[in-house]
Peer 1: 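Dropping a structure here in structure tokens format, bear with me for questions.
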Amino acid sequence: MKRRPGIGGLQKAAAARDQYRLLGENVAKLRTDLMKEQLTTFRSQLEEFARKHKNDIRKNPAFRAQFHEMCAKVGVDPLASNKGFWAELLGIGDFYYELGVQIIEVCMLTRSHNGGLISLHELCNHLRLRRKKDREAVTEDDCLRAISKLKVLGSGFEVITVGKKKLVRSVPTELNKDHNQILELAQGQGYVTVEEVQRRHSWTSGRVIDALESLLEEGLAMIDDGHEDGKRRYWFPCVSSVYASSGADT
């Protein structure tokens with residue numbers, strides 16, 4: 001028969017647990033303090049790096065992207081505010097706010113053609129043409145960062161991924177799974193037919209037509225009936241490379 005530990009034994013066990021707990025808390029605090037100290041050092045070094053490479057950050061897109069990666073690793077967001085150290089040092093806040101305004105302008109100008117859904121690649125092409133007199137190039141990474149700041153305006157701007165393409169949505173259009181699959185299929189040649197969608201996805205003609213009519217109503221698709229085979233084509237400017245190559249020159 002096992003003997004139960006006495007009161008003295010229980011007290012010793014409780015004291016030991018308290019000691020281990022305190023030891024664990026002290027170790028955790030030391031680690032936290034060390035991490036805070038390291039982050040403070042990293043931020044200081046980052047500020048010194050930014051001062052030294054100010055011109056490269058503003059003018060070199062690849063360098064600018066790497067700078068943002070370094071900032072993210074130490075929890076610094078240079079775009080969090082248009083005031084303060086980073087804005088004064090780099091003017092980087094002004095760069096993205098100005099880019100955001102230009103993104104809105106391009107989306108509004110092209111909305112009648114694409115229904116408010118434009119590929120990120122085409123958007124960048126338009127922006128480069130608008131900014132060709134500027135020495136600062138614009139990359140897709142820059143556009144994504146600027147668009148992320150537009151969300152605070154409640155303006156409906158959002159980046160969505162359809163297949164291999166990133167599309168920028170500037171209207172509050174809700175795309176369901178059927179819409180996304182049709183847009184993804186259209187990426188190959190810029191358009192789809194009812195028969196093609198039926199064959200690829202094994203849908204009924206009613207399901208296909210319902211989805212296509214919805215996309216037409218939203219202004220995302222255009223009808224082309226001028227073909228000898230008599231098949232109606234549904235063109236999608238937001239994923240059509242033909243449109244993008246001609247539209248970027250306008």
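If you're wondering where the values come from, they're calculated on a predicted model, not measured in any experiment. Heads up: numbering here begins at 1 and tracks the sequence.
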Peer 1: Could you work out, with salt bridge (charged side-chain N to carboxylate O under 4.0 Å, His left out) as the rule, every residue matching E105, not counting sequence neighbours?
Peer 2: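 By the salt bridge (charged side-chain N to carboxylate O under 4.0 Å, His left out) rule, E105 matches R130.
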Peer 1: What pairs with R200 under salt bridge (charged side-chain N to carboxylate O under 4.0 Å, His left out), at least two apart in sequence or on another chain?
Peer 2: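 With sequence neighbours excluded, R200 shows a salt bridge (charged side-chain N to carboxylate O under 4.0 Å, His left out) to no residue whatsoever.
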Peer 1: Do M108 and V159 belong to the same hydrophobic cluster, where Ile, Leu, Val, Met, Phe, Trp and Tyr are linked whenever their side-chain heavy atoms lie under 4.5 Å apart, directly or via other members?
Peer 2: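 Cluster IDs for M108 and V159 match.
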Peer 1: Hey, what do you get for CG (N176) to CD (Q181), rounding to the nearest 0.5 Å?
Peer 2: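 One finds 9.0 Å between CG of N176 and CD of Q181.
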Peer 1: Give me each pair satisfying salt bridge (charged side-chain N to carboxylate O under 4.0 Å, His left out) with a member in residues 175-188, each pair once, sequence neighbours excluded.
Peer 2: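 For residues 175-188: D178-R207.
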Peer 1: Examine distances only and state if a side-chain atom of N114 and a backbone atom of T110 form a donor-acceptor pair shorter than 3.5 Å.
Peer 2: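 The answer is yes, because a donor-acceptor pair under 3.5 Å joins these two groups.
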Peer 1: Please list, chain by chain and in numerical order, all residues satisfying side-chain hydrogen bond (donor to acceptor under 3.5 Å, both in side chains) with T161, sequence neighbours excluded.
Peer 2: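 T161: no side-chain hydrogen bond (donor to acceptor under 3.5 Å, both in side chains) contacts found.
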Peer 1: Applying side chain to side chain contact (heavy atoms under 4.5 Å, CB included) between V239 and each of L167, V162, I182, report the one that passes.
Peer 2: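 For V239, the side chain to side chain contact (heavy atoms under 4.5 Å, CB included) test succeeds with only one of L167, V162, I182, which is L167.
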Peer 1: Do you know the tightest heavy-atom contact between C238 and L183?
Peer 2: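 So the two residues come closest at SG-CD2, 3.9 Å.
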Peer 1: Sorted by first residue and then second, give each ring-ring contact (aromatic ring centres under 6.0 Å, His included) pair with at least one member in residues 203-227; sequence neighbours left out.
Peer 2: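 Found H201-W203.
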Peer 1: Please name all residues satisfying salt bridge (charged side-chain N to carboxylate O under 4.0 Å, His left out) with D224, sequence neighbours left out, ordered by chain then number.
Peer 2: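 With neighbours one apart ignored, the set is empty.
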Peer 1: L144 and V106: same hydrophobic cluster, using ILVMFWY side-chain contacts below 4.5 Å?
Peer 2: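 Yes, one cluster joins them.
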Peer 1: Among residues at least two apart in sequence or on other chains, which ones pass side-chain hydrogen bond (donor to acceptor under 3.5 Å, both in side chains) with E158?
Peer 2: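 Per chain and number, E158 pairs via side-chain hydrogen bond (donor to acceptor under 3.5 Å, both in side chains) with R169.
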Peer 1: Would you give me the side-chain donor-acceptor pairs under 3.5 Å for residues 190-198, sequence neighbours excluded?
Peer 2:
| from | atom 1 | to | atom 2 | distance (Å) |
| --- | --- | --- | --- | --- |
| T193 | OG1 | E196 | N | 3.1 |
| E196 | OE1 | Q189 | NE2 | 3.2 |
| E196 | OE2 | Q189 | NE2 | 3.2 |

Peer 1: What residues, two or more places apart in sequence or in another chain, satisfy salt bridge (charged side-chain N to carboxylate O under 4.0 Å, His left out) together with R111?
Peer 2: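 R111 satisfies salt bridge (charged side-chain N to carboxylate O under 4.0 Å, His left out) with no residue once adjacent residues are dropped.
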Peer 1: Is V101 reachable from V171 through a run of I, L, V, M, F, W or Y residues, each pair having side-chain heavy atoms under 4.5 Å apart?
Peer 2: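 As far as the 4.5 Å side-chain criterion goes, V101 and V171 are not connected within one cluster.
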Peer 1: Is there a side-chain contact between C107 and I118, using heavy atoms and a 4.5 Å cut-off?
Peer 2: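 In short, these two side chains touch, coming nearer than 4.5 Å.
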Peer 1: For E140, which residues count as a side-chain contact (heavy atoms from CB on, under 4.5 Å) partner, sequence neighbours excluded?
Peer 2: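 Testing E140 for side-chain contact (heavy atoms from CB on, under 4.5 Å), a comparison that skips the adjacent residues, returns L120, H121, C124.
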Peer 1: Hydrophobic clustering (ILVMFWY, side-chain heavy atoms < 4.5 Å, transitive) - are L109 and L127 grouped together?
Peer 2: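 No, it is not one cluster - the side chains of L127 and L109 are not joined through contacts under 4.5 Å.
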Peer 1: Distance-only check: which donor-acceptor pairs under 3.5 Å involve side-chain atoms of residues 214-223, not counting sequence neighbours?
Peer 2:
| from | atom 1 | to | atom 2 | distance (Å) |
| --- | --- | --- | --- | --- |
| S214 | OG | H179 | NE2 | 3.4 |

